[in-house]
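Encoded as structure tokens, the structure appears first; notes follow it.
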There are 2 protein chains.
Amino acid sequence: MTKIADKPRSMPQGHVRLPAHELIYRQLRALVLFGDLAPGQPVTIQGLTDLLGAGMTPVREAIRRLIAEGALEFQGNRRVCVPHLSADNIGELILVRQWVEPHLAHCATAHATAEDLKQLTALDDELDAAIDRGDLRAYLESNYRFHKVVYDIADAPILAELADGLWLRFGPSLRVVFGRLGTQNLPDNHKAMLAAMAGGDGDGAAAAMRKDVAQGMELVRMALTGGRSLR
Amino acid sequence: MTKIADKPRSMPQGHVRLPAHELIYRQLRALVLFGDLAPGQPVTIQGLTDLLGAGMTPVREAIRRLIAEGALEFQGNRRVCVPHLSADNIGELILVRQWVEPHLAHCATAHATAEDLKQLTALDDELDAAIDRGDLRAYLESNYRFHKVVYDIADAPILAELADGLWLRFGPSLRVVFGRLGTQNLPDNHKAMLAAMAGGDGDGAAAAMRKDVAQGMELVRMALTGGRSLR
DNA sequence: GCGTCTATAATATGATCAAATTATTTAACG
DNA sequence: CGTTAAATAATTTGATCATATTATAGACGC
């Protein structure tokens, strides 16, 4: 296992000093979100202290946080791992996302400024570029960031946190499933959504969002039920 | 500040030894959920180590977990407190609860055994008794446990965790708001719900649940918008 | 196979360091 | 001379680490 970072003895004066547990949390979160840790993979404290060059305390806190968010699973004994998704789990996630994401898209449409739309368009361009390059990792990141910005615009912090948290649950599977499909067949209803938002059509944006979510999640569901078991 | 527990030097042999951070988490969670910590009240690590007779590490982990669940708020600097609810927050909570709780009630109706209904009836009796006694704390606990059991029966772990997590956000305000009303005017649509569940009427149970949630949350909303500020 | 032993990893403590708030002093101004 | 404001000191509290303890998994012998 390779080291990602050395322990910084003296901080090289980044503008704001973020506490170590926060940094570790963000790194570990990204590892889960973009599928660098596969479902079922065990997560150990000491493994992460070596990998990220951090002390035990910050690593412990980051792991606890991610367990609370459902990104990691505490296995009764004292082992922690990235959870597998069951078919039932996927069904629940589809249900929640199909309710909450259109709602947020609707709110976002009401609040979006020209500046916001520009930012979303730029992110969607990045996403297209990633698809053309066949760069799965970049696709996953751009796609996530697009949705994240929509949440922020919607100005509904509790719903946004809820929607954001769900990504941690299906992120690991997304990587596995989409990896088998190639980047050409991935869902992208963002342009229809942007058009609706630009026209102030909240219902249209919500419908586009629902379609986007439904397509993506359905691919995961099919892979987990139809295909051979991932376990 | 009075001590709740002494540090147990040797465990008095409870059957299963739960780790300290888990015990601390549950105690602190209950303190938030039932309003023993008021909105705005600061939560310090060292205060809790004294109050609960625990070391710093377990307390830190418990606090992190509760922050991740939205029960506590990290205030930029490094202070932690019980969050205040804004009118917008309440609006979001009403929206989510009115969607998810009826859904869970519907699922629960499909899965409920005679045993389950017996347990729910017993909990509802406790709730009635608490109302008669004018015992607010017991009402809050019985009410929560009733809903919690419905979640468990529904057999939808992700939705259940979601619904359960929301309680932490409005729990502190519930205590404040209901404390002003007296126990006679509190919502209780559990009997209609139980009747529907017993008859296998999922839609009826969902409707009763929606009504129960709407009544309770509306009281909180009115108190927070209409009444003088709680701050 | 079953029980015991050992190695490994998690849990928990207290000490140490750093940051932030509060209290106190000092200085400036009306 | 009193009041206010700035600067500084003191205290509280959070962050991190090194280390000791404890529990679990896997290996070994029976």
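Heavy atoms only: backbone and side chains are in, while hydrogens, waters and symmetry mates are out. Here is how names work: the chains are called A, B, and so on, in the same order as the sequence lines, proteins then strands, and each is numbered from 1.
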Exercise for the section: Quick one: closest heavy-atom pair of Leu162(B) and Leu162(A), and the distance? Expected result: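 The pair with the smallest heavy-atom distance is CD1-CD1, 3.3 Å.
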Practice task
Scan Ser173(B), Pro39(B), Pro172(B) and name whichever one has a side chain to side chain contact (heavy atoms under 4.5 Å, CB included) with His84(B).
Solution key: Pro39(B)
Problem - Below 4.0 Å: OP1/OP2 of dT11(C) and any side-chain N or O of Arg64(A) - result: yes
Without decimals, in angstroms, what is the distance between [X] [atom1] and [N] [atom2]?
X: Arg60(B); N: dA10(C); atom1: CZ; atom2: C1'; value: 18 Å
X: Ile45(B); N: dA20(C); atom1: CD1; atom2: C1'; value: 14 Å
X: Arg78(B); N: dC17(C); atom1: CZ; atom2: P; value: 15 Å
X: Leu48(A); N: dA9(C); atom1: CG; atom2: C1'; value: 13 Å

Does this structure show an ion pair linking [X] with [Y], if we count only N-O contacts that are shorter than 4.0 Å?
X: Arg221(A); Y: Glu218(A); value: yes
X: Arg169(B); Y: Glu161(A); value: yes
X: Glu22(A); Y: Arg26(A); value: yes

Practice task
With rounding to the nearest 0.5 Å, note down the distance linking CE in Met222(B) to CD1 in Ile90(B).
Solution key: 11.5 Å
Handout entry: Sugar-phosphate, base or nothing in reach of Thr44(A), heavy atoms under 4.0 Å
Key = sugar-phosphate
Show the distances under 3.5 angstrom between N or O atoms of the protein and N or O atoms of nucleotides 25-27 of chain D.
| from | atom 1 | to | atom 2 | distance (Å) |
| --- | --- | --- | --- | --- |
| dA25(D) | OP1 | Asn77(A) | ND2 | 2.9 |

Handout entry: Most 5' of Glu61(B) and Met56(B) on DNA chain C, judged by nearest nucleotide
Key = Glu61(B)
